[in-house]
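In what follows, chains are A, B, ... by sequence order, proteins preceding strands, each numbered from 1.
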There are 2 protein chains.
Amino acid sequence: MQDLSSQESAQVSIDEAVVSGILSARIRPGTRLSENEVASLFNVSRTRVREAMMRLEQRGIVKVSPRRGWFVVEPSAEEATDVYAARRVIEAGLLASMNHLSDIGRETLHAHLTEEKAAIAAGDRQRLTCLMGDFHIRIAELSGNPILVEILRDLTARTILISLIYQSDFHAMQSHLGHCRIVTAMEEGDFEKAAALAVEHLDEVETGLDLTRRPDPLADLRRSLSLPPQVPNATHKTKP
Amino acid sequence: MQDLSSQESAQVSIDEAVVSGILSARIRPGTRLSENEVASLFNVSRTRVREAMMRLEQRGIVKVSPRRGWFVVEPSAEEATDVYAARRVIEAGLLASMNHLSDIGRETLHAHLTEEKAAIAAGDRQRLTCLMGDFHIRIAELSGNPILVEILRDLTARTILISLIYQSDFHAMQSHLGHCRIVTAMEEGDFEKAAALAVEHLDEVETGLDLTRRPDPLADLRRSLSLPPQVPNATHKTKP
DNA sequence: CTTACCCATCTTGTATGCAAGATTTGTCGT
DNA sequence: ACGACAAATCTTGCATACAAGATGGGTAAG
């Protein structure tokens with residue numbers, strides 16, 4: 001996660017670098033990933049970049065616009081609701097299927113909640129985004145099922161992209177409390193309740209989205225120029 | 001699905017052909033997929049075959065053995081249990097999250113059960129394998145969530161590979177009855193019960209596996225020579 | 001000033017070439 | 001008859017070359 005741009009960048013897989021960049025909210029939805037640029041960053045030929053992109057496309061993380069380029073996906077409103085629905089199904093099923101919380105599991109979750117609290121106190125928004133997603137991956141890891149972990153990791157990545165598009169202001173404290181409630185239910189051994197809370201939590205987050213927003217193709221430039229984001233109707237066509 | 005070997009085979013995607021071959025149990029686990037051979041079958045260059053293989057690998061359907069070749073996966077016993085566990089989680093979560101069975105949904109499911117019955121009557125085992133998997137995909141489709149459909153399709157493909165390795169004799173009627181029970185519960189509007197039945201059903205099928213079997217690397221040759229399958233200790237090392 | 005059009009440039013799509021490693025087969029020695 | 005060794009063959013890994021399409025900028029016409 002350190003020196004991706006180093007010329008010696010040898011063992012860092014392209015796939016991991018992109019996913020990690022998304023999970024930590026360093027890469028925004030719609031970001032263009034030029035085969036040539038990525039290739040030179042990793043000191044490999046386009047071939048390997050393309051292979052990575054194909055895999056990432058299969059995972060729903062990037063998309064190709066024919067002969068135009070590869071872009072980090074910008075989930076549509078419909079896709080966003082699909083992602084949340086899928087997460088509700090899988091995470092609820094996962095929690096409901098559990099019947100025991102191991103000691104190290106409890107420790108892991110508590111450590112995570114502590115980190116969340118620290119990030120809230122520090123006001124580190126990027127780190128918070130990352131942690132909020134990680135929580136659900138931690139839970140998946142408790143199942144010990146790598147298939148589910150993989151699925152939820154990718155869905156989490158898409159969730160982060162979604163929130164970067166549609167979330168005007170996210171209430172970190174609310175999410176944190178949701179996580180706390182889930183963990184409490186798990187500690188009580190009431191996994192049905194935990195499942196219900198997870199569904200509720202995901203509903204809350206989804207409700208907090210503004211799905212009427214269109215992804216802003218100028219976001220990058222806007223940010224570079226330090227302009228306020230998403231002024232509703234600021235096109236030049238004002239001619240009364 | 002017809003003329004893959006036709007020289008004019010144009011619009012059939014390689015990915016789909018492989019997956020469809022697995023879902024219909026025409027391709028066995030461990031089958032070698034040579035880049036050159038596939039390329040000439042589809043009248044394309046190795047490049048596109050490799051791209052397809054990369055995607056299929058990401059989906060857990062093929063694996064590459066470095067500098068040796070691409071092979072349809074032969075899930076280990078551990079992977080097999082992971083696949084079934086994941087299916088239990090997702091399918092149970094899916095059913096539990098439903099609250100309504102539409103009319104066309106009911107029709108679709110009934111039509112499917114009728115097909116199952118017909119295949120049992122006809123004794124068409126290959127078709128049965130295909131239908132048994134399709135049932136769960138049909139249910140996923142009821143959710144209208146393409147993400148879940150895709151996930152379950154791939155898990156079903158792996159399930160079929162698993163049963164080809166570890167299932168000595170599969171009790172079609174038992175599975176069929178399991179499906180019938182699930183549909184009945186859904187028609188009663190009792191989706192919690194349907195979820196529980198789905199878990200039970202998947203447990204039954206998983207229990208029916210003989211996970212001590214090792215995948216037989218000589219299966220293809222054995223079948224070609226019309227030899228009895230899986231003679232336990234038939235190595236040449238018999239020297240008393 | 002606006003609009004239409006064309007060409008230079010940049011992007012991916014696909015094929016091909018070459019190198020490195022694995023496997024197999026044939027041969028030789030015991 | 002058996003086992004070891006070596007060369008030939010086949011496999012993927014990766015880079016590169018070239019073609020086709022998309023984009024953007026400049027120019028000329030209205």
Side-chain angles (χ1 to χ4, degrees), chain A residues 7-18 27 30-59 61-74 217-218 220-221 224 235-240, chain B residues 7-18 27 30-59 61-74 215-221 224-225 235-240:
Chain A
Q7 286 179 348
E8 314 296 330
S9 78
Q11 308 310 41
V12 191
S13 105
I14 299 172
D15 307 55
E16 282 176 31
V18 174
I27 301 182
T31 302
R32 181 205 183 94
L33 296 173
S34 154
E35 290 183 3
N36 276 320
E37 290 179 12
V38 176
S40 62
L41 279 178
F42 284 84
N43 284 103
V44 294
S45 87
R46 279 178 51 216
T47 306
R48 296 188 56 187
V49 177
R50 276 183 72 77
E51 291 174 353
M53 291 298 165
M54 298 277 170
R55 284 187 295 262
L56 290 171
E57 184 177 41
Q58 192 65 52
R59 294 166 67 179
I61 288 175
V62 306
K63 255 204 162 329
V64 64
S65 177
R67 307 227 182 238
R68 282 182 15 87
W70 295 90
F71 301 88
V72 175
V73 293
E74 300 181 286
L218 306 177
D220 279 357
L221 182 54
S224 304
T235 329
H236 182 45
K237 294 289 184 192
T238 32
K239 190 183 284 185
Chain B
Q7 287 179 346
E8 315 295 331
S9 78
Q11 308 310 42
V12 191
S13 105
I14 299 172
D15 307 56
E16 281 176 32
V18 174
I27 301 182
T31 302
R32 181 203 183 93
L33 296 173
S34 153
E35 290 184 4
N36 276 320
E37 290 179 13
V38 176
S40 62
L41 278 178
F42 284 85
N43 284 102
V44 294
S45 87
R46 277 178 51 216
T47 306
R48 297 187 55 188
V49 177
R50 277 181 72 77
E51 291 175 353
M53 291 299 165
M54 299 277 169
R55 285 188 294 262
L56 290 171
E57 184 177 41
Q58 191 65 51
R59 295 167 65 179
I61 288 175
V62 306
K63 254 204 162 330
V64 65
S65 177
R67 309 236 179 229
R68 282 181 16 87
W70 294 90
F71 301 88
V72 175
V73 293
E74 300 181 286
D216 178 7
L218 306 178
D220 278 358
L221 183 54
S224 304
L225 300 177
T235 328
H236 182 44
K237 293 289 185 192
T238 32
K239 189 183 284 185

B:Arg32 has a side chain; which of D:dT12, C:dG13, C:dA15 sits nearest to it?
D:dT12
Side chain of B:Glu51, heavy atoms from C-beta onward: which of C:dT14, C:dA15, C:dT12 has the nearest atom to it?
C:dT14
For B:Arg67 and A:Thr47, take the nucleotide of DNA chain D holding the closest heavy atom to each; which residue's nucleotide lies nearer the 5' end?
B:Arg67
Closest non-hydrogen atom pair, B:Val62 against B:Val73:
C-CG1, 3.6 Å
In whole Å, I'd like the distance from the CE atom of A:Met53 to the P atom of C:dT11.
13 Å
Distance, rounded to the nearest Å, where A:Leu33 contributes CG and C:dC10 contributes P
19 Å
One pair to check against side-chain contact (heavy atoms from CB on, under 4.5 Å): B:Met53 and B:Leu33. What are the steps and the verdict?
CA-CA 9 Å; B:Met53 291 299 165; B:Leu33 296 173; 3.7 Å; yes
What closest approach, in Å, do B:Gly30 and B:Phe71 show between heavy atoms, and which atom pair accounts for it?
O-CD2, 3.6 Å
Can you name the closest pair of heavy atoms from B:Arg32 and B:Arg68 and give their distance?
NH2-O, 2.8 Å
With heavy atoms under 4.0 Å as the rule, sort A:Ser34 into base, sugar-phosphate or nothing.
sugar-phosphate
Between P on D:dT9 and CD on B:Glu35, what's the gap in Å once rounded to a whole number?
21 Å
Minimum heavy-atom separation for B:Asp15 and B:Ala52, please, with both atom names.
OD1-CB, 3.4 Å
Atom CE of A:Met54 and atom P of C:dT12 are separated, to the nearest Å, by 11 Å
Whole angstrom is fine here: how far is it from CZ in B:Phe42 over to P in C:dA15?
13 Å
Does C:dT12 have OP1 or OP2 sitting under 4.0 Å from an N or O in the side chain of A:Arg50?
no
Length of the CG-P vector between A:Asn36 and C:dT9, whole Å:
16 Å
Residue whose closest nucleotide on DNA chain C lies nearer the 5' end, B:Arg46 versus A:Glu37:
A:Glu37
Out of C:dT12, D:dG13, C:dT14, minimum distance to the side chain of B:Val64 belongs to D:dG13
When you check the phosphate oxygens OP1 and OP2 of C:dT23, does a side-chain N or O of B:Arg68 lie under 4.0 Å from one of them?
yes
